[in-house]
Each structure stands twice: as C-alpha cells, then as structure tokens.
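We count ligands from 1, going down the list as the structure has it; atoms in each ligand are counted the same way.
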Amino acid sequence: MSLKLGKLIYTGKAKDVYETENPDRVIVKFRDDITAGDGEKKDILQLKGYYNSLISSKLFEVLEAAGIKTQYIGLLEPGYMLAHKLEMISLEVITRNIAAGSLLRRFPFEERQVFEKPIIQMDYKSDEYKDPMLNDDIAMALGLITAEELNDLREITLKINKTLKDFLETKGIILPDFKIEFGYDCEKNIVLGDEISPDTCRYWDIETWDVLDKDLFRQGDSGVMDAYKKVASMVLDDEDLKKWGLNEI
Ligand code: TMP
Ligand code: ASP
C-alpha cells in the first residue's frame, strides 16, 4: 500500500478525501483543523490529525474484528487512511449511553444519567441547517434513507456501540456518546465510514471522569492535544505502535 494521492475529491472541516489509482478506493487525510459550533469556532492543533487517525484506525480494526463492515482498509502512515470509496448518507447517527452535551440543553435529563437502553438519535448533516435532529418520517421524506435501511442502521449501530463500549472500558475509557456516519459502497451495501475519534465521541477517564475529547475545545479549555494523545496511548498497545513504526506515544 503506497501513499500516492490522486485528485482531491472532497474537503470537509477536518478531513480531505483523495482519489487513488483504484476507482473504488480513496485516501482519507486527517487534518489538524478543529471546529465547533458548525464551524464557527476554529483552530489548528498540531498533530491532531496524526493522533485521530491512529485512534480511528484502531477502533475500525476492533469493529472489523467484531464482524462490522467498515470503510477502513488500512493506515498508510499516521494521518492517511486507505478506505473503500463510499457515497455518504447525510445523517449523523448519535448513540447515547449517558446523558451529556446537547441532550441536557434540550431535555430534562439528569447530568450523567445512565440509559439502560442506549438512545439512538439521528441528525441531518448540514452546516446550512445546523444539523437538526430528525425523525424517521423526515429522514425518509428527505430521501436520505428507506424504512428498511433505517432498521438495519439501528441494528448495526447498537452492535457498534456495544463493541466500542466494551473495548474502551478495557482501556480505562467510558463512552458516554458518539457520532458515526454511514455510506454506500460500490455494491450498494451500507458501510460504516468517516472516523471514530475524540472529535466525534465523548471519552471520559474511567478513574477520574476527566474529559478526554473535543468537549475541551468546545468549552475553550486548554489541554486538548494532551487529552487526544492520552486517548491514543490508552487505546493503542505495543503491537499497534510497532505496526506504525512508533516507539511510543
Ligand atoms: P452533542 O451532545 O453535542 O449532540 O454531541 C453528541 C455526540 O456527537 C458527541 O459524542 C460529539 C458528537 N458530535 C459530532 O461528532 N459532531 C457534531 O457536529 C456534534 C454536534 C456532535
Ligand atoms: N462538528 C461541528 C463543527 O465542526 C460541531 C461540533 O463537533 O461541536 O462545527
């Protein structure tokens, strides 16, 4: 696998997607840009893309090992992921195990209330419309997805939640909530894409309950990169470091 970037085909707020010589494969570049509030707050954090790509790769590998189809093929080098090309669905699929974030601003839940049954929320991915929350009928009327696909998505998402939650717990991390995105591969299968990183999840230290994710940036606190680096060091083991030619994190 070599790092030869073709044409830039998509640029988002934190990642770029490049063509490769194989029309069904792309290279995803994890950038150092960080944004919040639908892009209103912005910064560049050195090495954020590097650490996010390592964390994301590890979590995609954990999911693949559990039998979940993902876009991930391999990390070419830190920051650059080789992936199956997907036609993305404009949905942000959010799973919540513990009440936090916007849920507390919108509904009368207790802070840190644990949900016996995980909550799956779907938002319309659109900066223009500020990612509004959807219901099934709106998602279908917008032509984003069919009723059958929605059922499949929920089932896959619950499996992803259980797999990630159990794995992260063994690494000393609580997973209160996270956002994932799906797309269609060239055979029209629904496949997990995008990234699973501290930009897109809440991670809390199991011992101290310290926040180890993008909430630090959203709240304007310092130590964002220290937290991301800590997540990478907690999630990756010696084997992973050897694989990427790293001695330590
Ligand atoms: P929220 O509590 O702000 O709605 O966030 C729920 C989860 O979704 C949290 O883990 C962070 C993630 N998320 C994104 O990945 N992108 C976004 O644009 C937002 C608002 C949240
Ligand atoms: N992803 C959103 C943005 O980039 C907001 C967020 O994650 O808080 O602006």
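For ligand 1, the protein residues placed under 4.0 Å by at least one non-hydrogen atom are Glu92, Ile94, Arg96, Ala100, Gly101, Ser102, Asp131, Asp177, Phe178, Lys179, Asp199, Thr200, Cys201, Arg202, Arg218.
No side-chain donor-acceptor contact under 3.5 Å links Glu148 and Thr146. The closest side-chain donor-acceptor pair between Asp123 and Gln121 falls under 3.5 angstrom. Side chain to side chain, Ser102 and Arg96 meet the donor-acceptor criterion of an N or O pair below 3.5 Å. Counting only N and O atoms by type, the side chains of Glu77 and Tyr50 include no donor and acceptor under 3.5 Å apart.
Residue contacts with ligand 2, taken as heavy atom pairs separated by less than 4.0 Å, involve Arg218 solely via side-chain atoms from C-beta onward. Of all the heavy atoms of Glu40, none lies under 4.0 Å from any atom of ligand 2, so neither backbone nor side chain is involved.
Atom 1 (N) of ligand 2 has its closest protein heavy atom at Lys214 NZ, 3.6 Å. The protein heavy atom nearest to atom 2 (C) of ligand 2 is Asp38 N, 4.0 Å. The nearest protein atom to atom 5 (C) of ligand 2, hydrogens excluded, is given as Gly37 N, 3.7 Å; this is a heavy-atom distance. Here the heavy atom of the protein found nearest to atom 9 (O) of ligand 2 is Gly39 N, 2.5 Å.
A salt bridge links Arg154 and Asp136; the closest N-O separation between the charged side-chain nitrogens and carboxylate oxygens is under 4.0 Å.
The shortest side-chain heavy-atom distance between Arg202 and Leu175 does not fall under the 4.5 Å cut-off.
Atoms of ligand 2 lying under 4.0 Å from at least one heavy atom of Lys13, given by number and element, are 3 (C), 4 (O), 9 (O).
Taking any N or O of Thr35, backbone or side chain, at least one lies under 3.5 Å from an N or O belonging to ligand 2.
By the 6.0 Å and 45° rule, Lys48 does not stack over the aromatic ring of Phe30.
Within a 6.0 Å radius of NZ in Lys42, no more than 12 heavy atoms belonging to other residues, nucleotides or ligands are found.
If you take NZ on Lys29 and CG on Leu5, they are separated by 8.0 Å, rounding to the nearest 0.5 Å.
Taking the centre of each ring, Tyr18 and Tyr10 stay at or above the 6.0 Å mark.
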